[in-house]
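Computed from heavy atoms alone, side chains included, the values below leave out hydrogens, waters and symmetry copies.
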Amino acid sequence: MLLVKGGTVVGPTGTQVADVLVQGEKIVALLDPSFSQAITPDEVIDATGKYVIPGGIDAHTHMELPFGGTAASDTFDTGTRAAAWGGTTTIIDFAVQRTGEVVQDGLAAWHAKADGNCHIDYAFHMILGGVDDDSLKAMDQLVSDEGVTSFKLFMAYPGVFYSDDGQVLRAMQTARENGAMIMMHAENGIAIDVLVQQALARGETDPIYHGITRPAALEAEATNRAIALAEVAQDCPLYIVHLSASQALEHVAEARDAGRNVFAETCPQYLYLTLEDQLGAPGFEGAKWVCSTPLRSKHESHAKDLWKGLRSNDLAIVSTDHCPFCMKDQKELGVGDFSKIPNGIGGVEHRVDLIYQGVVDGQLSLERWVETIATTPARMFGLYPQKGIVAPGSDADLVVYDPNATTRISVDTHHMNMDYSAYEGVEIQGRVGTVISRGEVIVADGNYHGRKGRGKFLKRGLSSYLV
């Protein structure tokens, strides 16, 4: 038995001073501290003066994702180890089907990448790059047999992942029948491609043009179109990924106010980083921050509105869209042509800290912090109450978080397989202390005790938010 003693347990509904008793892989009790004196555990972790929260769930990662002639630099080994260091004990990664490929083959390929390599528990969403009769049938099979209950479509990247409105509608109709969630990359990729070619023809090749050619209006338009198509598909459950723009958020809020099954996430990069300061850095430096949707202008209210959206629940979750590339030999593929820079930012290690800084800054409550990083992802994607809550019967995924310590983010200290940090030098007024995954201490006292292969694949149910 393991006893996490003296901490303040934080959940989605409040805080309580309680001791957490763990037996095997499960939480068996939350105890009033006066009761736990009668227990003689095998191991005691002193959490006095600290928060005890459920292990983080990053519902949007891309380990080993092939992209633009290269692949994301984190493997399932390095990426899940880095996640563990940062207090994340579950990831949901994206298996990929491209046009013409068999959906089940894509899923099998991702199982092969992850199996035996993960330090923490993991699950999969499925990217549908080609919607046809076979892939629609495969959706039913993945939901019923494989524990994969969410499917990502792209309104962007023509020729790679793009689905037209008819394909989107068919996939949504299928999801409405089988109970799955449709996840949408909402940008008007057809129009963006025109803007990209026009910029390059004018000699506008620097990384900042990646953002300028993906304007907020085209994210908002695609978001609105996805919401309309979901309405036609009898209110198919729709989840907008990596939402970055105020105008897109307005469409989500309007749909939610109307009682629709519409949800959205944002990412730390859109809360803290900007078009001018990062993407517009001198020379090729801005390539570090090329991601899609892009960073938005600091002269507009995007970040402020996103924080407000998190407070109001118009934004449900903070995920990372962790898709790291090194500058050397990867981002450098786009020197002289921003459209060839691999899209992605690494952040799986820093999400828990970065959103806690929002608590320190008065942007979020403690409870909302826990909801956005752990409880809501578990509920949204069919893992609750096994994950996402400190409660008897749930998996013993726990983080002891020290609000009195500080964290300085740097390439010199991070554990992701990247040669730079997107958040270099950022100071967090808090620190991940001890990390427990299914009852096993994997991070403690600044040392790593986990191992690859101990992470388990999680078959997911349907979303808790749908009736």
Strictly distance-based, threshold 3.5 Å: is any side-chain N or O of [X] a donor or acceptor partner for the main-chain N or O of [Y]?
X	Y	answer
Gln386	Asp395	no
Arg460	Phe124	yes
Glu64	Ala72	no
Thr375	Pro12	no
Glu300	Ser297	no
Lys26	Ser394	no
Gln330	Pro342	no
Ser73	Pro324	yes
Thr213	Tyr209	yes
Ser319	Asp321	no

Output the distance between atom [atom1] ([X]) and atom [atom2] ([Y]), rounded to the nearest 0.5 Å.
X	Y	atom1	atom2	result
Ile127	Asp93	CD1	CG	8.5 Å
Leu271	Lys304	CG	NZ	14.5 Å
His299	Thr274	NE2	OG1	8.0 Å
Leu275	Leu295	CG	CG	7.0 Å
Leu218	Leu195	CG	CG	6.5 Å
Arg214	Ser292	CZ	OG	3.5 Å

Under 3.5 Å, is there a donor on one side chain and an acceptor on the other for [X] and [Y]?
X	Y	result
Ser246	His302	yes
Thr88	Arg351	yes
Thr293	Tyr270	yes
Arg368	Asn313	yes
Thr15	Glu367	no
Asp337	Thr205	no
Ser463	Arg379	no
Asp121	Thr90	no
Thr75	Asp77	no
Asp74	His322	yes

Check the angle between the aromatic planes of His242 and His185 and answer parallel, tilted or perpendicular using the 30° and 60° thresholds.
perpendicular
Relative to the ring of Tyr157, is the ring of Phe154 parallel (under 30°), tilted (30 to 60°) or perpendicular (over 60°)?
tilted
Do [X] and [Y] have side chains that get closer than 4.5 Å, going by heavy atoms?
X	Y	result
Phe381	Thr149	no
Tyr51	Val370	no
Thr407	Glu427	no
Pro294	Glu187	yes
Ile436	Val22	no
Ile428	Leu354	yes
Val335	Lys340	no
Arg256	Phe263	yes

In terms of heavy-atom contacts, does NZ of Lys298 have more than 12 from other residues, nucleotides or ligands at under 6.0 Å?
yes
Are more than 12 heavy atoms from other residues, nucleotides or ligands located less than 6.0 Å from atom CD of Glu254?
no
Does the ring of Phe94 carry Lys152 above it, NZ/CZ under 6.0 angstrom from centre and within 45° of its axis?
yes
State plainly whether the residues [X] and [Y] are in salt-bridge range, i.e. N to O under 4.0 Å.
X	Y	result
Asp235	Arg260	yes
Glu440	Arg451	yes
Glu332	Lys328	no

Testing Arg81, His415, His414 one by one against Glu349 for a side chain to side chain donor-acceptor pair (under 3.5 Å), which residue passes?
His415
Once ring-ring contact (aromatic ring centres under 6.0 Å, His included) is applied, do any residues pair with His449, and if so which ones, sequence neighbours excluded?
none
Taking it one step at a time, do Phe151 and His125 satisfy ring pair (Phe, Tyr, Trp, His ring centres under 6.0 Å)?
CA-CA 6 Å; Phe151 299 88; His125 310 288; 9.4 Å; no
Heavy-atom closest pair, residues Ile389 and Ile27:
O-CD1, 4.2 Å
Just grab all the ring pair (Phe, Tyr, Trp, His ring centres under 6.0 Å) pairs involving residues 338-375, residues at least two apart or on different chains.
Tyr356-Trp369, Tyr356-Tyr401, Trp369-Tyr401
Side chain to side chain contact (heavy atoms under 4.5 Å, CB included), that's the test. Do Met172 and Met184 meet it? Break it down for me.
CA-CA 11 Å; Met172 285 178 167; Met184 187 62 72; 4.0 Å; yes
If you apply the rule salt bridge (charged side-chain N to carboxylate O under 4.0 Å, His left out), what do you find for Arg438 with Asp397, and how did you get there?
CA-CA 5 Å; Arg438 280 185 287 105; Asp397 293 348; 5.5 Å; no
Trace of the side chain to side chain contact (heavy atoms under 4.5 Å, CB included) decision for Phe284 with Ile341
CA-CA 10 Å; Phe284 192 65; Ile341 300 169; 3.8 Å; yes
Report the C-alpha distance between Val432 and Val443 in whole Å, list the side-chain angles of each, state the deciding distance to 0.1 Å, and finish with yes or no for side chain to side chain contact (heavy atoms under 4.5 Å, CB included).
CA-CA 9 Å; Val432 172; Val443 177; 5.5 Å; no
Side chain to side chain contact (heavy atoms under 4.5 Å, CB included) partner of Ile92, chosen from Leu458, Thr61, Asp58, Leu383:
Leu383
I'd like to know whether His119 forms a ring pair (Phe, Tyr, Trp, His ring centres under 6.0 Å) with Phe76, so could you lay out the CA-CA distance, the side-chain angles of the two residues, the decisive distance to 0.1 Å, and finally the verdict.
CA-CA 8 Å; His119 293 247; Phe76 279 92; over 10 Å; no
Could you walk me through whether Gln357 and Asp361 pass side chain to side chain contact (heavy atoms under 4.5 Å, CB included), step by step?
CA-CA 6 Å; Gln357 187 62 41; Asp361 295 342; 3.0 Å; yes
